[in-house]
Amino acid sequence: MSDCVSIDEVVNCTLKAITNAHNEYFEWSDGEWLWNAHEYFLTVRIAESIVKLDKKKFVTMEDNVDYILGHAKAKGSGKMHSDIRKNGRFDIVLWLADGITPRAVIEVKNSVNVFSKIEQDVKRIREVIRRKATSSMIEFGIIAFYISQQYKQSAKEQLQKQIDNIFDQVKETVGNSFEVEQYGQDSISCDDDQNAFCPVVFLIKK
């Protein structure tokens, strides 16, 4: 597995991709922040960032959930939980280099300010990882998003509190059966004490 992409590498390049997307869109639009852009722009930039990692892997986008679970040996018998939304699609799927084994799923959101914006994605990843856990090849799932907010003052501190509050609700929703980690808190950008943005990754794993 040493030639495979590590979880840390996926997390770090995802965070970097979100920040780069903000800067890129800011330049394109003559000053608009990323929340104004279409969510798919962010999804593509994250996928591109992972692809550029010099490790063995494959990346696909908008793959059918039922199809991915089949390849991951996570279907088996029994009815799937409705939160999986088996007829839907994952934003990004990370595969092993064999091209037949899905390893991780990534859900992407733009302009997240409250937990409800990502709640369905959190529940989906929870149930996907839980599904046939002893045989499933899915190792982890990621919720990746961009958050920005305007405050009267102390924008950096207040944005961190907002992210922490969302993270607490993610942990409560996922439960104690999984590890849940927050990344991006060191990447909050704030130049004027009133406007702040941040790339965020919530990692969920077995």
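We use all heavy atoms of the structure for the numbers below, so side chains are in, but hydrogens, waters and symmetry mates are not. Since the model is a prediction, treat every value here as computed from it, not as a measurement.
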Next item on the list: May I ask you to say whether Lys55 pairs ionically with Glu9, meaning some side-chain N is under 4.0 Å from a carboxylate O?
Entry: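 Looking at Glu9 together with Lys55, the answer is yes, because their closest N to O distance falls below 4.0 Å.
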
Notebook entry, point to check: Can we say Arg124 and Glu107 salt-bridge, meaning some charged N sits less than 4.0 Å from an Asp/Glu carboxylate O?
Noted result: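 Counted as a salt bridge, because a side-chain N and a carboxylate O are separated by less than 4.0 Å.
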
Over all atoms of both residues, closest heavy-atom pair of [X] and [Y]:
X      : Y      : value
Phe58  : Ala97  : CE1-O, 3.0 Å
Lys109 : Ile118 : CG-CG2, 3.9 Å
Phe145 : Ile147 : CE1-CB, 4.0 Å
Ile18  : Ala144 : CD1-CB, 4.3 Å
Ile100 : Pro102 : O-CD, 3.6 Å
Cys13  : Ile50  : SG-CG1, 3.6 Å

State, yes or no, whether a side-chain contact exists between [X] and [Y] at a heavy-atom distance under 4.5 Å.
X     : Y     : value
Met80 : Leu69 : yes
Val65 : Ile84 : yes
Asn36 : Ser29 : no
Leu94 : Val10 : yes
Thr60 : Phe90 : no

Nearest 0.5 Å, please: how far is [atom2] in [Y] from [atom1] in [X]?
X      : Y      : atom1 : atom2 : answer
Arg130 : Ser177 : CZ    : OG    : 6.0 Å
Ile7   : Cys4   : CD1   : SG    : 11.5 Å
Leu96  : Asp3   : CG    : CG    : 12.0 Å
Gln149 : Ile163 : CD    : CD1   : 10.5 Å
Phe167 : Glu172 : CZ    : CD    : 12.5 Å

Notebook entry, point to check: Listed by chain and number, what are the side-chain contact (heavy atoms from CB on, under 4.5 Å) partners of Phe26, not counting sequence neighbours?
Noted result: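 By the side-chain contact (heavy atoms from CB on, under 4.5 Å) rule, Phe26 matches Trp33.
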
Answer with yes or no whether the hydrophobic clustering places [X] together with [Y]; edges join I, L, V, M, F, W, Y residues whose side-chain heavy atoms lie under 4.5 Å apart.
X      : Y      : answer
Val170 : Val128 : yes
Ile68  : Val59  : no
Val122 : Ile138 : yes
Ile106 : Tyr183 : yes
Ile92  : Leu42  : yes

Check: Centres of the Trp35 and Tyr25 rings: under 6.0 Å?
Finding: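 No, ring centres 6.0 Å or more apart.
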
Please name all residues satisfying salt bridge (Lys or Arg N to Asp or Glu O under 4.0 Å) with [X], sequence neighbours left out, ordered by chain then number.
X      : answer
Lys171 : Asp168
Glu181 : Lys205
Glu62  : none
Lys123 : Glu119

Notebook entry, point to check: Around atom NZ of Lys206, are there more than 12 heavy atoms of other residues, nucleotides or ligands at under 6.0 Å?
Noted result: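 Atom NZ in Lys206 is crowded, with more than 12 foreign heavy atoms closer than 6.0 Å.
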
Margin query: Looking at Met61, I want to see if its CE is surrounded by more than 12 non-hydrogen atoms of other residues, nucleotides or ligands under 6.0 Å.
Written below: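 Yes - once you tally the heavy atoms of other residues, nucleotides and ligands closer than 6.0 Å, there are more than 12.
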
Item checked: Partner residues of Trp95 under the ring pair (Phe, Tyr, Trp, His ring centres under 6.0 Å) criterion, sequence neighbours left out ->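 Counting only residues at least two positions away or on another chain, Trp95 forms a ring pair (Phe, Tyr, Trp, His ring centres under 6.0 Å) with His71.
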
Checklist line | Heavy-atom donor-acceptor pair, Arg131 side chain to Ala74 backbone, under 3.5 Å | finding: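 Judged by distance alone, yes, a pair lies under 3.5 Å.
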
Note to self: Any side-chain to backbone donor/acceptor pair from Asn110 onto Leu34? Under 3.5 Å, distance only.
What the structure shows: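 Yes, Asn110 side chain to Leu34 backbone: donor-acceptor pair under 3.5 Å.
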
Next item on the list: For residues 11-20, pull every pair meeting side chain to side chain donor-acceptor pair (under 3.5 Å), keeping only residues two or more places apart or in separate chains.
Entry: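 Those involving residues 11-20 do not exist here.
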
Check: Step by step, would you call Ile142 with Val105 a side chain to side chain contact (heavy atoms under 4.5 Å, CB included)?
Finding: CA-CA 6 Å; Ile142 280 177; Val105 297; over 6 Å; no

Notebook entry, point to check: Does anything in residues 22-45 pair up under salt bridge (Lys or Arg N to Asp or Glu O under 4.0 Å), and if so which pairs, sequence neighbours excluded?
Noted result: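 Matches after skipping sequence neighbours: Glu24-Arg45, Arg45-Glu48.
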
Check: According to the salt bridge (Lys or Arg N to Asp or Glu O under 4.0 Å) rule, which pairs have a member within residues 68-94, sequence neighbours left out?
Finding: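 Output for this query lists Asp66-Lys75, Asp83-Arg126, Arg85-Asp121.
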
Check: Can you name the side-chain hydrogen bond (donor to acceptor under 3.5 Å, both in side chains) partners of Glu157, sequence neighbours left out?
Finding: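 Glu157: no side-chain hydrogen bond (donor to acceptor under 3.5 Å, both in side chains) contacts found.
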
Margin query: The criterion is side-chain hydrogen bond (donor to acceptor under 3.5 Å, both in side chains); which residues satisfy it with Asp98, sequence neighbours excluded?
Written below: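 Here the qualifying residues are Thr101.
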
Next item on the list: For Val114 and Gln162, run side chain to side chain contact (heavy atoms under 4.5 Å, CB included): C-alpha distance rounded to whole Å, both residues' side-chain angles, the deciding distance at 0.1 Å, then the answer.
Entry: CA-CA 8 Å; Val114 293; Gln162 191 170 348; 5.6 Å; no

Would you mind writing out the side-chain donor-acceptor pairs for residues 188-203 within the sub-3.5 Å range, not counting sequence neighbours?
| from | atom 1 | to | atom 2 | distance (Å) |
| --- | --- | --- | --- | --- |
| Asp192 | OD1 | Gln194 | N | 2.9 |
| Asp192 | OD1 | Asn195 | N | 2.8 |
| Asp192 | OD2 | Asn195 | ND2 | 2.8 |
| Asp193 | OD1 | Ser154 | N | 3.3 |
| Asp193 | OD2 | Ser154 | N | 3.2 |
| Gln194 | NE2 | Lys152 | O | 3.3 |
| Asn195 | OD1 | Gln150 | NE2 | 3.2 |

Next item on the list: I would like to know whether Ile125 and Ile143 meet side chain to side chain contact (heavy atoms under 4.5 Å, CB included); could you show each step before the answer?
Entry: CA-CA 9 Å; Ile125 289 179; Ile143 307 290; 3.4 Å; yes

Next item on the list: List the steps and the verdict of side chain to side chain contact (heavy atoms under 4.5 Å, CB included) for Gln182 and Asp164.
Entry: CA-CA 9 Å; Gln182 175 189 166; Asp164 289 342; 3.4 Å; yes

